[in-house]
2 protein chains.
Amino acid sequence: MSSRSAGRGEGRPTLEAVAALAGVGRGTVSRVVNGAAGVSPRARTAVEQAIAELGYVPNRAARSLATSRADAVALIIPETETRLASEPFFASIIRGVASELSETELQLLLILVSTERERRRLAGFLDGRRVDGVLMVSVHADDPVAELVESTGLPTVLGGRRSELEPLSYVNSDNLGGAWSAVRHLLGLGRRRVATITGPLDMEASCVRIEGYRRALEEAGVAVEPGLIAHGDFSEESGERAMAELLVREPTLDAVFCASDLMAAGAMRALRRVGRRIPTDVAVVGFDDSPLARHTEPPMTTVRQPSEEMGRAMARLLLEEIAAPGRSHRQIILSTDLVVRESA
Amino acid sequence: MSSRSAGRGEGRPTLEAVAALAGVGRGTVSRVVNGAAGVSPRARTAVEQAIAELGYVPNRAARSLATSRADAVALIIPETETRLASEPFFASIIRGVASELSETELQLLLILVSTERERRRLAGFLDGRRVDGVLMVSVHADDPVAELVESTGLPTVLGGRRSELEPLSYVNSDNLGGAWSAVRHLLGLGRRRVATITGPLDMEASCVRIEGYRRALEEAGVAVEPGLIAHGDFSEESGERAMAELLVREPTLDAVFCASDLMAAGAMRALRRVGRRIPTDVAVVGFDDSPLARHTEPPMTTVRQPSEEMGRAMARLLLEEIAAPGRSHRQIILSTDLVVRESA
DNA sequence: ACGTCGAATGGGAGCGCTCCCAACTTTCGA
DNA sequence: TCGAAAGTTGGGAGCGCTCCCATTCGACGT
């Protein structure tokens, strides 16, 4: 069934071959293939038959050359080795994007950028206009990669924004509400000395989660103490380290809200090491609802963010942007919700 | 003059533009760009200067059309929603492949195939010869996707093989040795009623791991009892279910070797539910050494397989195969090792 | 001095497709 | 009945690149 059987000695069948077999001109075949109007039913049938018989599949490169579209989009993940593997967040994004794209003719190019060399390669790549649009996740405040992408003028959609005045389109989850509800929950449990372990401060999501933490505290009339805020970088080690610091600085804390599940897992480990019981002594809440949250001991209470849906929304937004390049940029905020397990 | 591009906006510079500026012919520029021999130093310098001045980047589509190479490879992951996200194995493979590919000019196309529709789309895609080669992981015994790929005749490298007489090139980890050493370890601990929870039987890796289990037992003079073998599908739920079954069927078991960390996590949950202590009552060993293995309670003893290296090796093999299409297929086996933590 | 040979070079001929327009056919109103 | 409008159709002109061949040029041998 694959075109091999139909081979007329030559290589793969071309438009021209189909035209010849169907007894029509190239133009007509092209119109049929692209679903354009203005083809008589008679001609259309003949062409469709010829296509089936020959097993014709249009040549992407030729089409690309003629239309100067690439029929592909790039998903750029600018992260170091470990994060991609350890955070299922990325895998979910990929899945969402891929599933949305599978409805279209667009191909998904995956580009991981971690080294300086890879960044330079990316520059050449984008300049070569080999994609019609770009998706990018995990953007830091003044990420050179993001600036590179922005400077190309290609339709772009970010997962997460760089700041409140992000000029590009983006899809974000409700970090403020998520953090807020996590801390509300902790307060509702009667905890009053609630600490937080933040993500890297050059990421807007981290800052907004801190803000959510602040607001929940303030609304409850609990003072925000700088000593209760420690910083991490989303990794497990950083969470462990931050928790250890907090424990020294504020021995009386009774809860901690962590900006990622990974950090929460690290924090739990630090707590366990010094013999604090979870949640009896210290309640712990994470952020992401990654698979590991169900495997910690005790299972982790965490803020779920719909990462696959995020990927899907990003793809959808990008498609719109590619279709109507002029239009102003848009943003989508997806809601989060608290998954209560046993750690808080 | 073409009204579209050459008008005022003056699109990206072409080979011809570079040639004009450098005062040479198209052929010479092409030679320089492709690093071909037979260009005088003088001409080469002039061309390089012109390229820099114009910021010329070759058009991939045009090159593709002329050479009928795609300069891209596809990584196909035929899996259902959840596995991609829950198993860091895939993320590691992706990273390995991407990092190896970043040394080349090849692009990485990611193709997730889970629905029937996506499979059909893949068929057209491959027939369109839009990639120079294919990488595929997680292949089941008579996976229609694998057969589809094989039938295209494209250079292909599998991650894992379909059977012992796999005709395609593949990279595999030493499943036999891994399983063997896991069970050895259990036996060395004095356990004598060692159960196993297998992966899906239509995957060769599962069968080989069972074989490793068998051999270790036989070598130690311990009888292999069918009742101690339960089947799962690599997922956590299946592990939990299988463990529950085993517990009913063989209440006296004192150890279990699981063919994946995820299943081991499920098994641990099942054990905990019925109050069996780990490892005191039942020792548990997993397979993969995924990040979650460090977060279970207690931390899991497991067989590490070098998944990123696996991705890298796959890419390397594919490059060779693309370069020398005629040559016979090759295989690479990567060794595994046991990571002893606290569950066994 | 002249012929010879290899290195360097320019440019024609496509690769397979889309775009677009001229040409042809059919239909319909006057 | 005739012309105009509408509906179809074929195919030329590229898109930007590589491949390859004919040509040019300089260096060398005799």
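Lettering of chains follows the sequences in order, A, B, ..., and the numbering in each one begins at 1. Heavy-atom basis, side chains included; hydrogens, waters and symmetry copies ignored. This structure is a prediction, so every number in the text was calculated from the model and none was measured.
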If you apply the rule side-chain contact (heavy atoms from CB on, under 4.5 Å), what do you find for A:Leu319 with A:Val73, and how did you get there? CA-CA 9 Å; A:Leu319 292 176; A:Val73 303; 5.7 Å; no
Those residues at least two apart in sequence (or on a different chain) that pass salt bridge (Lys or Arg N to Asp or Glu O under 4.0 Å) with B:Arg119 are B:Glu116
Look only at the side chain of B:Ser64 and the backbone of B:Ala61, and say whether a donor-acceptor pair between them is shorter than 3.5 Å. no
Output yes when [X] and [Y] qualify as a salt bridge under the 4.0 Å nitrogen-oxygen rule, no when they do not.
| X | Y | result |
| --- | --- | --- |
| B:Glu103 | A:Arg117 | yes |
| B:Arg162 | B:Glu147 | no |
| B:Glu309 | B:Arg316 | yes |

Side-chain polar contacts of residues 134-144 of chain B - donor-acceptor pairs under 3.5 angstrom, sequence neighbours left out - could you list them?
{"unit_1": "B:Ser138", "atom_1": "OG", "unit_2": "B:Glu79", "atom_2": "OE2", "d": "2.5"}
{"unit_1": "B:His140", "atom_1": "ND1", "unit_2": "B:Asp202", "atom_2": "OD1", "d": "3.1"}
{"unit_1": "B:His140", "atom_1": "ND1", "unit_2": "B:Asp202", "atom_2": "OD2", "d": "3.0"}
{"unit_1": "B:Asp143", "atom_1": "OD1", "unit_2": "B:Val145", "atom_2": "N", "d": "2.9"}

Where the side chain of B:Leu15 is defined as all heavy atoms beyond and including C-beta, which of C:dC15, D:dC17, C:dC17 is the nearest nucleotide? D:dC17
Among residues at least two apart in sequence or on other chains, which ones pass side chain to side chain donor-acceptor pair (under 3.5 Å) with A:Glu320? A:Arg330
Axis-to-axis angle between the two ends of the helix from C:dA1-D:dT30 to C:dA30-D:dT1 (five base pairs per end, rounded to 10 degrees):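 Rounded value for the end-axis angle: 50°.
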Could you report the tightest heavy-atom contact between B:Ala22 and B:Ala50, atom names first, then the distance? CB-CB, 3.9 Å
Rounding to a whole Å, what distance do you find between [X]:[atom1] and [N]:[atom2]?
| X | N | atom1 | atom2 | result |
| --- | --- | --- | --- | --- |
| B:Leu65 | D:dT18 | CG | P | 11 Å |
| B:Arg60 | D:dC15 | CZ | C1' | 17 Å |
| B:Arg12 | D:dC15 | CZ | P | 16 Å |
| B:Glu16 | D:dT18 | CD | C1' | 13 Å |
| B:Arg63 | D:dC15 | CZ | P | 19 Å |

Enumerate the residues from residues 51-58 of chain B whose closest heavy atom to DNA chain D is under 4.0 Å, giving them by residue number; use none for an empty result. B:Tyr56, B:Pro58
Report yes if at least one side-chain N or O of A:Asn59 is closer than 4.0 Å to OP1 or OP2 of C:dC15; otherwise report no. no
If a protein heavy atom is under 4.0 Å from the base, mark B; if only from the sugar-phosphate, S; if neither, -; do that for nucleotides 8-14 of chain C going 5' to 3'. SBBBBBB
Using a heavy-atom cut-off of 4.0 Å across all strands, would you classify B:Ser68 as base, sugar-phosphate, or nothing? nothing
Looking just at side-chain N and O atoms, do B:Ser169 and B:Glu321 make a donor-acceptor pair shorter than 3.5 Å? yes
Please evaluate residues B:Ile77 and B:Leu110 with respect to the criterion side-chain contact (heavy atoms from CB on, under 4.5 Å), reporting the C-alpha separation (whole Å), side-chain torsions for both, the decisive distance (0.1 Å), and the verdict. CA-CA 8 Å; B:Ile77 304 185; B:Leu110 190 64; 4.2 Å; yes
